[in-house]
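Protein chains get the first letters and strands the later ones, always in sequence-line order, with residue 1 at the start of each.
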Amino acid sequence: MNGSVLELDLDFDAFSGPFDLLLALVLRDELELVEVPIVEVVLAYLVVLEGSEEIDLESLSEFLVLVAALCELKSRLLVDADEEDEEEIDAEGAAEELAARLAEYQRFKRAAGWLTARRAEAGLRVFRTTPAPYAPPRPAAPLVDEQPGRLAEAILHLLEPPIHVDTTIVRRRVVAMRPFVERFRMLVRARGGFVFDDEVATLERGAQAAAFVALLELIKRGEATAAQTDLFEPIRVARTGATIRVAAQVVDAQEAVA
Amino acid sequence: MSDPLVAVCEAMLFVAAEPLALGELAAAAEVDESAVEQALEGLERSLAERGAGVVLDRSGGRYGLRAAPGGPAEAASRLQARAPERGLSPAAMETLAVVAYLQPVGRPEIARIRGVSSDAVVAGLLERELIEEAGRGDGLGAPVLYRTTTVFDRIFGLEEGVSGLPGLDAEDEIDGDELRQRLHAVAAERG
Amino acid sequence: MSDPLVAVCEAMLFVAAEPLALGELAAAAEVDESAVEQALEGLERSLAERGAGVVLDRSGGRYGLRAAPGGPAEAASRLQARAPERGLSPAAMETLAVVAYLQPVGRPEIARIRGVSSDAVVAGLLERELIEEAGRGDGLGAPVLYRTTTVFDRIFGLEEGVSGLPGLDAEDEIDGDELRQRLHAVAAERG
């Protein structure tokens, strides 16, 4: 495969999230876009993100599924034949969805840039936000009468179970990561390794994404390494000794085995 | 007001929440106290000369600005007195509802159930005397517990106190413990 | 400053902790709004002429005073423990932008747009009082919604408030179509 995270000269700390990273990759002119190992870069980034406790599993799973589908990893990783009611998401569909999300993200990123410039332009603005020292006391605002029914309404609102609004073509499902961490840890310790693709072959997409995050977690903790002989080859996971660097983990592991 | 230190002193006195001692002014202006003293005299003169709406007050060895006597002070008083009548914000209503149905209840539990920090809202309700302290709980750090007040009863027209709160379920009434459990369960699910 | 109404306006703006609407100033001064408008212009001129330590500020369509730029603002900010605008991270600016344009908006939507959890960032913005709660969204599991505050308007110098923000769509950006084409290229190549 071409390039590595290191050759791409990316400073992960400079990105505010996976969309920010993907946008930067997609907008790169100097690289042939198809040569960019997007999945590897994104996965390596997610390892870093996981360490910073900024992971939102729901949006992360969705993002992973889209990126994986986009890069046709799904043909190997995300086999999903058993799931009847779930729409197959093809690479074209993933591209559509990702493009829409990136365009939306880009608008807000630009708005943030405008606000930042505006802040700099506005200069230091100092106000008093407390009452003035000798100001006459402000009487407490008189309370208006309320209906007790509004209290019951507020409590009933709090009793409503949360739903996750589905705004994408991908059906989101929050899948617990912990069982995967435990299963993979057991496999690594007992057998010295396993083939990730075999382990997740029968799972639905959301679970596969969560499994991948679980794998990243094990790698991050230095309990395992993951490797591919080539870009779309099965991911082989092996037990490892200590000292591994997080950012370049996926790439390093891959080079080590290759 | 050609002296820039005069403007600096005016700005400091303007933003201060409390009257300031000479030492505090000197430290923030990064000059010595005698320079500040001189600038304050300049400020006092400048304000008087142009008939400004504020005057320098130097009572109790501290400095502050106040509305000038007469028209300015009267208008300032009228402005301050016109506190608009306002209803409870959605956040206040929700917090009040949690206290009303679960009392006594502490801030950590309120925050957990609502899923957001509720310190500012609780402070506001205390200030408006809709809730009050009711001892301390057993939890971590023995949090202060709160209950609703007679002001609360009056505003919501609850002549019999909280026993008059509307039921939450027409068929089988949820009791306090069960309500608490269900609120926590939903909050946990919300993540 | 011969006009007594100018002094009255200065005093009112001085005592208020919040920016004031023309109507509030007129009511407390017991004059009509156009007279207040004229007096505010006179005040702005008078403050500028004598190089005062404060300047007239208009944010979100409301009026207030703030420390004059430069030395006065720097000294005044040293007196204040908290500076809401200091050290805003790129993540915080992004989150602030989402809230400013989509308000009221909840955390799940912010996370969806940014692709990362925004809980810590939202908490930081709440603490700085740049955003505040604005009720809960409709529907099940209704998330707490947020909006920007007058502090936000003031710090960013938005005279007309968020209505003065530029449109979200710019001409010079790579649009959705091109992004889609680039991503399609990846998909086609890999398929």
Side-chain angles (χ1 to χ4, degrees), chain A residues 16-20 26-27 33-34 38 49 53-56 58-60 63 70-72 91-92 94-96 98-116 118-119 121-132 135-136 157 160-165 167, chain C residues 14-18 57 64-67 69 73-74 76-77 80 85 88 90-91 93-94 96-98 100-101 108 111-118 120 129 136 139-142 151 154-158 165-166 168-170 173-176 179-180 182-191:
Chain A
S16 65
F19 285 125
D20 199 13
V26 169
L27 296 183
L33 187 59
V34 292
I38 283 187
L49 210 55
E53 294 177 4
E54 284 185 75
I55 287 289
D56 180 73
E58 195 174 335
S59 46
L60 181 61
F63 179 78
L70 175 72
C71 295
E72 292 289 36
E92 293 252 321
E96 291 283 337
L98 271 180
R101 298 289 295 274
L102 282 178
E104 183 181 33
Y105 169 75
Q106 183 179 236
R107 284 199 294 278
F108 287 102
K109 185 179 163 65
R110 200 165 29 71
W114 185 87
L115 279 177
T116 304
R118 179 81 195 180
R119 249 301 300 144
E121 196 183 307
L124 183 60
R125 293 183 170 231
V126 188
F127 301 87
R128 190 191 56 242
T129 52
T130 56
H157 219 49
E160 286 165 2
I163 52 154
H164 305 286
V165 184
T167 51
Chain C
F14 167 72
V15 299
E18 294 270 308
D57 181 84
L65 295 173
R66 66 178 151 90
E74 282 158 28
S77 97
Q80 290 188 327
E85 79 282 13
L88 285 169
M93 294 304 297
E94 237 173 65
L96 209 43
V98 175
Y101 279 92
R112 192 189 68 80
I113 289 170
R114 296 191 54 232
V116 285
S117 161
S118 300
E129 293 179 22
R136 284 188 187 260
L140 296 166
V151 174
R154 285 178 145 196
I155 294 300
F156 285 87
L158 300 173
L165 291 172
L168 270 182
D169 291 301
E173 79 183 19
I174 298 205
D175 63 9
L179 286 171
R180 189 157 48 240
R182 282 168 173 249
L183 287 164
H184 267 142
V186 178
E189 204 67 27
R190 301 250 154 128

For the residue pair [X] and [Y], what are the closest heavy atoms and their distance?
{"X": "Phe108(A)", "Y": "Ala97(C)", "value": "O-CB, 3.8 Å"}
{"X": "Ile113(C)", "Y": "Tyr105(A)", "value": "O-CD1, 3.5 Å"}
{"X": "Arg118(A)", "Y": "Leu158(C)", "value": "NE-CD2, 4.1 Å"}

What residue, out of [options], has the most heavy-atom pairs lying under 4.5 Å from chain A?
{"options": "Ala67(C), Gly64(C), Pro69(C), Ala73(C)", "value": "Ala73(C)"}
{"options": "Pro166(C), Ala120(C), Ala76(C), Pro90(C)", "value": "Pro166(C)"}
{"options": "Asp57(C), Leu65(C), Leu165(C), Leu96(C)", "value": "Asp57(C)"}

Test your reading of the model: is there a side-chain donor-acceptor pair from [X] to the backbone of [Y], 3.5 Å cut-off?
{"X": "Arg154(C)", "Y": "Arg125(A)", "result": "no"}
{"X": "Arg128(A)", "Y": "Ala17(C)", "result": "no"}
{"X": "Arg66(C)", "Y": "Phe127(A)", "result": "no"}

Chain C shares the most heavy-atom pairs under 4.5 Å, among Leu115(A), Thr129(A), Leu102(A), with Leu115(A)
The interface call for Glu18(C) against chain A, heavy-atom contacts under 4.5 Å, is neither
Under 4.5 Å to a heavy atom of chain C? For Thr130(A) that would be backbone
When the 4.5 angstrom heavy-atom criterion is applied to Ala111(A) and chain C, the contacting part is both
Between Arg112(C) and Glu104(A), is the closest basic N to carboxylate O distance under 4.0 Å?
yes
